[in-house]
Each structure stands twice: as C-alpha cells, then as structure tokens.
Amino acid sequence: MMPQKAISVVGSIHMDFIIFTERFPKPGETITGKQFEMQPGGKGANQAVAAARLGKEVYMIGRVGDDYIGNLLIKNLEENKVNTLHVFETPQVHSGVALITVDSEGENTIVVAPGADNHLLPKDIDRAEKSFKKSEILLIQYEIPIETIQYAVKKAKEYSLKVIVNPAFVRKLPEGFYKYVDILTPNRIEAFEITGEKNIIDAGRKLLKMGVKTVVITLGAEGALVLHEKGHLKIPAIKVKPVDTTGAGDAFNGALAVAILEEKDIEEAVKFASAAAALKVTKPGAQKGLPYREELENFLENIKL
Ligand code: RIB
C-alpha cells in the first residue's frame with residue numbers, strides 16, 4: 001500500500017484571548033463583554049488542525065515562545081494529531097497572541113502580537129525538510145516574515161509540492177512570487193489589495209496573469225469565485241446563522257488542502273471547503289469550532305449546493 005501523503009503547514013501559532021460582546025466598543029470607550037475564553041489559534045495552526053480533523057497527516061512548521069503559552073500551544077497541536085517535530089521554541093520571545101472581540105452578529109476584530117511568529121526564518125524551513133519530503137501539499141499564510149514565505153514556497157516547488165497560499169493578513173509580495181502558487185485563496189479585500197483592481201473578476205484575472213494557476217476568491221455569505229485558465233465559476237455559499245466568523249477562512253483553507261490531496265476537482269474541493277467554513281461559523285472559537293470529518297460528511301449529505 002502506498003503511504004498516505006501529508007500536508008505541510010507553514011505559519012503562525014497563537015493563543016487567542018476572546019471576548020464575546022453584544023457590540024464592539026468605540027475608540028476610547030469601555031464596555032462589558034458577555035464571556036471570555038482563551039483558546040489556541042493562529043491562522044497556521046488553525047489550518048493545520050482543520051486538515052488534521054478531516055483525517056489527514058499534517059506537519060506544522062512554526063515557532064512558539066519558550067513560555068507557558070508555547071507549551072500549551074504545542075500540547076494542543078499534538079492533541080489534535082498535528083505533528084510538531086518542526087515547531088521550534090524561541091528563547092526570550094513571547095508566543096504569538098491575538099486579542100479578539102466577537103459581536104452578537106458573529107463578526108470579529110482581531111489584533112495580533114506576533115512574537116515568535118516573526119522569528120520563523122528560512123533556516124527553519126531547511127530544518128523542516130523531513131516534513132516537506134513526506135508531503136504533497138504546502139499550505140501557507142501571511143502571518144510570518146515575507147522572506148520565509150518566499151523561501152518556503154520556492155523550496156516546496158523543489159520538492160514538487162502543490163502550493164496553496166492564503167494571503168492573510170494581506171501584504172505586498174514581489175509579483176514574481178505568484179508564479180510559484182498553484183492555488184491562491186484571497187478574500188475580496190485581499191484580492192483587491194494585491195492587484196489594485198476594484199472588481200473581483202478583474203482581480204482574479206490579474207492574479208492569473210501574475211502566474212497563479214487557480215484563484216479562489218472567498219466572498220463570505222456570497223460564496224466563492226474560482227478562476228483558472230479555462231474560465232471562471234461561482235460557487236454559492238451555504239446559508240447558516242453565524243455565531244462566530246473567526247477562523248472561517250482557516251476552516252476553508254484546511255479543508256481545501258484536504259480535498260486537493262484527495263484529488264477532488266476544484267469545484268468539488270471548493271464545495272467541500274465552503275461546507276467546512278459554514279459549519280465553523282455556527283460555533284464559537286476559531287480553532288475550537290473547526291469540524292471533524294464525520295460531522296462535515298453528515299452536513300454535506302444534508303445540504304444541497
Ligand atoms: O483566522 C483567525 C486567526 O487569526 C485567529 O485564531 C488569530 O489568532 C489570528 O491569527
């Protein structure tokens with residue numbers, strides 16, 4: 001039997017400090033929230049856990065501080081069956097943290113203090129060679145240094161990995177970077193920011209011109225738009241009552257990587273990913289609310305896309 005191929009996730013690892021509140025405070029205002037929770041998060045770790053909960057072998061490549069929170073974050077990844085061989089501890093730096101507020105509509109505000117995320121350097125990618133060798137897909141986001149993103153993506157291509165890039169939080173990377181990207185998954189704002197365009201079709205087309213093979217623009221309640229050399233198609237969203245939208249993009253990207261690994265075509269893969277994101281949105285917490293395989297399969301059976 002062929003060994004199962006894995007997913008390598010290079011990215012951030014955070015502890016999220018979340019206050020659920022009726023509404024967001026105005027600048028200078030103090031309000032009382034409804035509930036507080038401390039939960040593991042970070043776009044990288046969330047996407048790794050999303051893929052692991054859907055049944056895949058996942059390697060996390062990232063950094064935590066040499067502190068109490070860092071230990072909790074590694075333990076949590078292990079409990080979620082994510083391989084942490086290449087999660088490195090960084091002395092004298094705090095682990096990445098995020099302060100999150102979630103209002104009664106399920107919308108959020110997030111402020112990140114990256115700490116150890118900013119110490120994830122190209123040499124760490126070299127140290128993680130073993131993960132890359134066992135993987136078929138690299139999944140990466142933008143919460144780590146730009147030089148590391150560029151290096152990891154080039155390295156992944158040397159190992160013939162498929163590269164899925166979730167450009168969040170959005171930053172400018174050199175145009176030449178995009179030729180290494182098999183699937184780019186910006187939301188509307190990120191697509192506009194990267195391309196300078198003002199409508200999604202133009203933005204998607206520009207990303208293709210920049211060298212991306214397939215562009216998947218996530219549109220929240222409006223679904224997703226897929227563009228590739230043969231044209232474009234819109235995939236409608238699954239309607240749910242939002243409780244907390246934090247981590248919806250992470251659920252989407254983790255599930256998309258799983259579907260691509262399972263060789264689903266892009267339309268099926270985006271439907272699978274959209275269902276994972278819809279399920280996530282019905283639950284509080286970025287990572288805590290990520291669905292497990294059985295839950296997602298049941299959900300998919302009960303909806304019509
Ligand atoms: O995408 C949600 C994540 O963004 C949170 O878990 C937070 O840590 C930030 O990285």
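When a ligand or atom number is given, it counts from 1 through the structure's own listing order.
Taking the centre and axis of the six-membered ring of Phe272, the NZ or CZ atom of Lys264 falls inside the cone set by 45° and 6.0 Å.
Protein heavy atom nearest atom 8 (O) of ligand 1, with residue, atom name and distance: Asp16 OD1, 2.6 Å. In this structure, the protein non-hydrogen atom closest to atom 2 (C) of ligand 1 is Asp250 OD2, 3.3 Å.
Ranked by closest heavy atom to atom 9 (C) of ligand 1, the top entry among Glu143, Gln141, Met15 is Glu143.
Using a non-hydrogen distance threshold of 4.0 Å, Ser12 does not register as a contact of ligand 1.
Between the side chains of Ser131 and His86, at least one donor N or O lies within less than 3.5 Å of an accepting N or O. Side-chain contact check for His119 and Asp124: no donor-acceptor pair (N or O, by modelled atom type) lies under 3.5 Å. Under the 3.5 Å distance criterion, with hydrogens and angles disregarded, no donor-acceptor pair is assigned to the side chains of Tyr180 and Gln150.
Heavy atoms of His14 found under 4.0 angstrom from ligand 1 belong exclusively to the side chain.
When only interatomic distances are considered, the shortest N/O to N/O separation between Ile110 and ligand 1 does not fall below 3.5 Å. In terms of polar-atom proximity, defined here as any N/O pair under 3.5 Å, Lys43 does make such a contact with ligand 1.
Rounded to the nearest 0.5 Å, atoms CD (Gln141) and CD (Gln47) are 4.0 Å apart.
Each of the following atoms of ligand 1 lies closer than 4.0 Å to a heavy atom of Ala286: 6 (O). Near Asn46, the atoms of ligand 1 lying under 4.0 angstrom from a non-hydrogen atom of the residue are 2 (C), 3 (C), 5 (C), 6 (O). Applying the 4.0 Å criterion to heavy atoms of Ala98 picks out, from ligand 1, the atoms 7 (C), 8 (O).
Residues His94 and Asp67 form a side-chain contact, since some pair of their non-hydrogen atoms from C-beta on lies under 4.5 Å apart.
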Worked verdict on Arg293 versus Glu262 for salt bridge (Lys or Arg N to Asp or Glu O under 4.0 Å): CA-CA 13 Å; Arg293 185 82 195 208; Glu262 290 175 359; 2.8 Å; yes
